[in-house]
There are 2 protein chains.
Amino acid sequence: MKEKIKNLTKEKIFNYCIKDFAKNGYSNVGIRKISKETGLSTGAIYYNFSSKEKIAWFLYDSATELVLNKIKTAIKKSTNGIEAIKSIISVLFQLTEENLHLMEYVLYVKHKDFLPGVPPICSSKPFEYIKRFIKTKIKEGVFEDMDMVIASSLIMGPIIRVIQLKMDGILKEDLNKYTEPLFNGIVKSVYRNQI
Amino acid sequence: MKEKIKNLTKEKIFNYCIKDFAKNGYSNVGIRKISKETGLSTGAIYYNFSSKEKIAWFLYDSATELVLNKIKTAIKKSTNGIEAIKSIISVLFQLTEENLHLMEYVLYVKHKDFLPGVPPICSSKPFEYIKRFIKTKIKEGVFEDMDMVIASSLIMGPIIRVIQLKMDGILKEDLNKYTEPLFNGIVKSVYRNQI
DNA sequence: TTCAACAAAACGAGCGCTCTTTTTATTATA
DNA sequence: TATAATAAAAAGAGCGCTCGTTTTGTTGAA
């Protein structure tokens, strides 16, 4: 939620760190580098964040909340369960396209290496939200009755996989072109009433 | 390929590092810790590996080769394409159960953070091998004709997702019980002749 | 004059790694 | 088989450096 950051210095740090943490890893980005690249002094950094770890927490909280909100509105706008799946794919792909670093930080970074006690990303708020959504749709009979582990893996697995291919640089194309065909495949695996 | 390591010291380092690198991250495991935990001196470590990075490379090469071999034999033993998919799932789940650290190191660790020039894991030998296999089966008409990105994501995405749930500690159960239902879901998404 | 906001030097801990010394294993010679 | 000569392996103190952090100093607005 960059728009929530009022402090200009904080925003500078946010914008730089989310890029570099995602690209080079938390341990490979020192305070001195952050200072140099943002043009801020170490004093300014430590005035705004009491530790390097706090920066990482701030990024984590901001990024997961942003993703959560995007998913929430995507699901709410959908008229039915199947439509919602397509919306989730679409919004995640869209987000990856317009803010690759943020998605890298959310999906790709091993937060537990430097954020003690952080929940694994699949237990973070956005993913828990999706899980509850899937559970509901199974109860309603929209999706086939299957183990939650299986259902969520069949749905989220392929989506995350495609995003990671993009993040790894394997995929050069715009992800949006994959929304439709991926959706078709996923639906076949979980939808009750075969199309 | 632990059985290939003749040197006892190297094996000690291998066994310890693959655990600790996977658990705490490469940067959080220093030479002194490796020395302390293995009972070896820093001299002994540097006599066997010319740098800390070389240890990581050794782990990477050994681990990916082991996975590759397991997948190769699994595919070769299978009588048809669909059977092969189940074998791949089974062998990866099996490997996760019996050597969680190794799979964590292969699938979970961000190698590019400390191994310069390493290919992303989805471009490593085991995964390239699977990709070629899928391509063949599409040409043969076993799987539906679809973009390779879509096909491999629909197949590998859910498998990797389940393994990651296990690695994150979300899944406590033996993965083998998920082989069958996951296979059924995946097949529906890519198989040509609907069952 | 006070204080928020930042600048920048300095601190101690810990890092990867090297170097010299010591121990252990291997080989050659009688 | 015993012993001297050599090589391989391991030990561990210490070096130079970078890290996250702290401390002290400066500046401009209220």
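Every chain is numbered from 1 and lettered A, B, ... according to where its sequence line falls, protein lines coming before strand lines.
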Nucleotide dA5(C), atom C1' - distance to NZ of Lys12(A) in whole Å: 13 Å
Sugar-phosphate only, base, or nothing, as touched by Leu40(A) at under 4.0 Å among non-hydrogen atoms: sugar-phosphate
Those residues that, when tested against Glu140(B), pass salt bridge (Lys or Arg N to Asp or Glu O under 4.0 Å) (two or more places apart): Lys137(B)
Pairwise ring-ring contact (aromatic ring centres under 6.0 Å, His included) hits with a residue in residues 34-53 of chain A, at least two apart: Phe49(A)-Phe58(A)
Pair Asp113(A)-Asn24(B), side-chain donor/acceptor within less than 3.5 Å: no
Salt bridge Glu97(A)-Lys177(A), side-chain N to carboxylate O under 4.0 Å: no
Spacing of Asn7(B) atom CG relative to dA25(C) atom C1', expressed in whole Å: 14 Å
Between P of dG14(C) and NZ of Lys36(B), the distance in whole Å: 11 Å
Any pair counted as ring-ring contact (aromatic ring centres under 6.0 Å, His included), so long as it reaches residues 114-164 of chain B, sequence neighbours left out: Tyr26(B)-Phe114(B)
Dot-bracket pairing map - DNA chain C, Watson-Crick plus G-U, both contacts under 3.5 Å, | cross-strand: ||||||||||||||||||||||||||||||
For Pro119(A), all residues meeting side-chain contact (heavy atoms from CB on, under 4.5 Å), sequence neighbours excluded: Tyr60(A), Ser123(A)
Phosphate OP1/OP2 of dA10(D) contacted by Tyr47(B) side-chain N/O (<4.0 Å): no
Qualifying residues under side-chain contact (heavy atoms from CB on, under 4.5 Å), relative to Lys19(B), sequence neighbours excluded: His101(B)
Protein N or O to nucleotides 12-22 of chain D N or O, pairs below 3.5 Å:
residue, atom, partner, partner atom, Å
dG12(D), N7, Thr42(B), OG1, 3.1
dG12(D), N7, Gly43(B), N, 3.4
dG12(D), O6, Gly43(B), N, 3.4
dA13(D), N6, Thr42(B), OG1, 3.3
dG14(D), O6, Arg32(B), NH1, 3.4
dG20(D), OP1, Lys52(A), NZ, 2.5
dG20(D), OP2, Ile31(A), N, 2.8
dG20(D), N7, Arg32(A), NH2, 2.7
dG20(D), O6, Arg32(A), NH2, 2.7
dT21(D), OP2, Tyr46(A), OH, 2.6
dT21(D), OP2, Lys52(A), N, 2.7
dT21(D), O5', Tyr46(A), OH, 3.3

Qualifying residues under salt bridge (Lys or Arg N to Asp or Glu O under 4.0 Å), relative to Lys23(A), sequence neighbours excluded: none
Between protein and nucleotides 28-30 of chain D, what N or O pairs are separated by less than 3.5 Å?
none

Between dA8(C) (P) and Ile45(A) (CD1): distance, integer Å: 12 Å
side-chain contact (heavy atoms from CB on, under 4.5 Å) against Ser78(B), all qualifying residues, sequence neighbours excluded: Glu83(B), Ala84(B), Ser87(B)
Counterpart residues, side-chain contact (heavy atoms from CB on, under 4.5 Å), relative to Ser51(A) (two or more places apart): Glu53(A), Lys54(A)
Lys12(B): partners by salt bridge (Lys or Arg N to Asp or Glu O under 4.0 Å), with sequence neighbours left out: none
Below 4.0 Å: OP1/OP2 of dA9(D) and any side-chain N or O of Asn48(B): no
